[in-house]
Trainee: 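After the structure tokens below, expect a handful of questions from me.
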Amino acid sequence: MMKHRNTIAFWAGVAIFLAAVLSMTQIVRNEYPFFAGYVILQFIALAVAWSILGGYAGYVNFGTNAFFGVGVYTAVALFKATGAPLVVQIGAAALVGMALGFGVGLLTLRMRGIFFSIATIALAIIIETFVMNWRFVGGAAGIQLQRPPVMAPFDSYVKMLFFVQALLVVIAVSIARYIQNSRIGRGLQALRDDELAAECTGVPTLKLKLVACMISGALISAAGAPAAMYLQYADPSSAFNLSYSVSALAMALIGGTAHWIGPVLGAILLGSTQQLLAVTISSEVNVLVLGIMLVLFVVAAPKGIIGLLRPRYRLRAGGKP
Amino acid sequence: MDLLLGAVVLGVLLGCFYAAVSVGLSVSFGLLDVPHVAHPAFLVLASYGVYQLNESYDIDPLLAGLAITPLFFLFGLLAYRVYYETFERRGSDAGVRGIAFFFGIAFIIEVLIIMQFGVDQRSVSATYIGKSWRFGEFRIPIRQLVAFAVALGLTVLLAVYLSKTFMGRAIRAVAQDEEALRLMGANPVRIKQFAFGIATAVLGIAGALLIIVAPVEPTLDRAYIGRTFCVVVMAGLGSISGTLIAAIILGVAESIVLTMFGASWAPAISFAMLLGVLAVRPQGLLGR
């Protein structure tokens, strides 16, 4: 009964959120809020997607930038080759991201924590190098893109992208929420606490990790797909920028990974702080704030913001030696 | 054929240099099990320290590296203390948050360097930089030879220290069986802290070599994450002699790819080798 009521509340919240986003695109004239809002929404999607593997299962993926960049370049390649619309680009990016997640998972998920993390960094650099040597999408120099005409009911492309990214956030959050409450989520949490014990009690650990890696990868790539259209430009070193990895992980850890709301809170907090700082000070300070907050939170508030807000998460974690 | 031979020779020189930048990680990650992804960031930081001393007081980069070594030793002691108190002692979840912690530190160091020195490349001046020796067809820059000699000396010195001295043996013992050491009345945490200090101190010299071999920039540490971890993992965790061999393999591989396929593929070599080793033989070539 309780769970049922929660579900109704959740979907009501989603409906209100989407309605608010849609009416904002119709009412607000100034384009700047959409430029800034797009980035924050993108971070929410990345942080939530990252936490499906990183938070629930405790496998720290440093390759967020690999999946993000693959999403960007799937969209770019498809758009350049066939002029495919945005929806198709995003769908294709999700599929490629899922396939990549499967490959990466198969190759690396048997490794102990830190080795998995290092392997994912390695993967990002290798893929970036391939894209740099890929002439069709502009190589290292990057590629300029012309936006297609915008679709009704939006009067500018950025507003449309803002709405599309909001939809991606909703998809990511509802999948994360579903996983958290399902058998997959409980299995992932069990293997996070003690992988050997989970394996012994019959949890199919490798299969679960693979599924998590595929879903997480698909969502990250999908979130990256509209980025080329947002910037009207794509180049390997920004598409595969390591700061996507650090941001996603920092936002998830700062918010807390025990519940899907954690990454959302972390991304809103850090994303809006960064937008303010980037405007008022500089992008270096931006990264500095990110780094300092990450270090402070992992040291002082291991369960993130939700751990501070809801002490029962701390209690549950305190039971372990 | 001469081209290939030249590539191999340069690769061996480069490899010994890679050994010097990796031995510290071989101690901190290989022996002590600390997920120290900020190791290359500390390395680049050391290079900038050397650059500053060279620029302001015209000190030889190697001497400058030696001068900042004690500072880095203290830095290492402090870093391990923080890591131990916040992660190892509390136990749960040390892996995930430990990596995130060091990654955050690496990012902070990068930004601080950018804010202080800007994003431009920096290099040092010394009598041996810029000249080269000719051997028939190919030339070897003297800066590479200097880096090679110092790096080899540094690696051998650390290997001897760890295998021959009392403290060195204690460090290896704490890596093997911490509990046994505790029962014998030693304090494993103090030993580990000291070892981490040594691992960081080595970066003073290694940082000097880094800026002697080529100009540095603030985000150079990202390329060295792959190289250092590749060497340490390929070596077999904690093996110092393995570190030298693995580093030479990496150096030769990079040098050959650079000659045959061009510079645009070079960044991926170390990472591809790392991935390969992790997938096929995670215990390393000379696994422990």
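Everything numeric in this text was worked out from a predicted model, so none of it was measured. Below, read A as the first sequence line, B as the second, and so on, with proteins coming before strands; counting in each chain starts at 1.
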Trainee: Give the minimum heavy-atom separation between B:Thr243 and B:Ser26, together with the two atoms involved.
Mentor: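 That would be OG1-OG, 3.4 Å.
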Trainee: Give the C-alpha distance, both sets of side-chain angles, the deciding distance and a yes or no for ring-ring contact (aromatic ring centres under 6.0 Å, His included) between B:Phe29 and A:Phe115.
Mentor: CA-CA 11 Å; B:Phe29 179 55; A:Phe115 291 108; 5.7 Å; yes
Trainee: Check each atom of B:Ile225 against the heavy atoms of chain A and say whether the ones under 4.5 Å are side chain, backbone, both or neither.
Mentor: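 Only the side chain of B:Ile225 comes within 4.5 Å of chain A.
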Trainee: Could you list the residues that satisfy side-chain hydrogen bond (donor to acceptor under 3.5 Å, both in side chains) with A:Asn241, not counting sequence neighbours?
Mentor: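 side-chain hydrogen bond (donor to acceptor under 3.5 Å, both in side chains) list for A:Asn241, sorted by chain: A:Ser243.
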Trainee: Among A:Ile127, A:Leu249, A:Ile292, A:Leu296, which residue forms the greatest number of heavy-atom pairs with chain B at distances under 4.5 Å?
Mentor: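 The option with the most such pairs is A:Ile292.
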Trainee: Side chain, backbone, both or neither: which part of B:Phe102 has a non-hydrogen atom closer than 4.5 Å to chain A?
Mentor: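 It is neither, since no heavy atom gets under 4.5 Å.
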Trainee: Tell me, out of A:Phe297, A:Tyr59, A:Phe62, who's got the most heavy-atom pairs with chain B below 4.5 Å.
Mentor: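 Of the options given, most contacts go to A:Phe62.
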Trainee: Quick one: closest heavy-atom pair of B:Ala46 and B:Leu203, and the distance?
Mentor: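 So the minimum-distance heavy-atom pair works out to CB-O, 3.3 Å.
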Trainee: Side chain from CB out, backbone as N, CA, C, O: work out which of these in B:Ile108 comes under 4.5 Å of a heavy atom of chain A, or both, or neither.
Mentor: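 The answer is both parts of B:Ile108.
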Trainee: With a sphere of 6.0 Å drawn around CZ of A:Phe130, does it hold more than 12 non-hydrogen atoms of other residues, nucleotides or ligands?
Mentor: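 No, CZ of A:Phe130 has 12 or fewer neighbouring heavy atoms, counting only those of other groups under 6.0 Å.
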Trainee: For chain B, which candidate among A:Ala300, A:Gly291, A:Ala122, A:Ala124 shows the most heavy-atom pairs at distances under 4.5 Å?
Mentor: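 Ranked by contacts with chain B, first place is A:Ala122.
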Trainee: Checking heavy atoms, do the side chain of B:Phe229, its backbone, both or neither come under 4.5 Å from chain A?
Mentor: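 Answer is side chain: those atoms of B:Phe229 sit under 4.5 Å from chain A.
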Trainee: Can you say whether A:Val299 sits under 4.5 Å from chain B via the side chain, the backbone, both, or neither, judging by heavy atoms?
Mentor: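 Contact with chain B is through both the backbone and side chain of A:Val299.
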Trainee: Of the backbone (N, CA, C, O) and the side chain (C-beta and beyond), which part of A:Leu253 lies under 4.5 Å from a heavy atom of chain B, both, or neither?
Mentor: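 Contact with chain B: side chain only.
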Trainee: Whether B:Glu254 and B:Arg227 form a salt bridge (side-chain N of Lys/Arg under 4.0 Å from carboxylate O of Asp/Glu) is what I want to check.
Mentor: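 Looking at B:Arg227 and B:Glu254, the cut-off is met.
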Trainee: Apply the test ring-ring contact (aromatic ring centres under 6.0 Å, His included) to residues B:Phe196 and B:Tyr83: give CA-CA distance (whole Å), side-chain angles for both, the deciding distance (0.1 Å), then the verdict.
Mentor: CA-CA 11 Å; B:Phe196 202 87; B:Tyr83 174 78; 7.5 Å; no
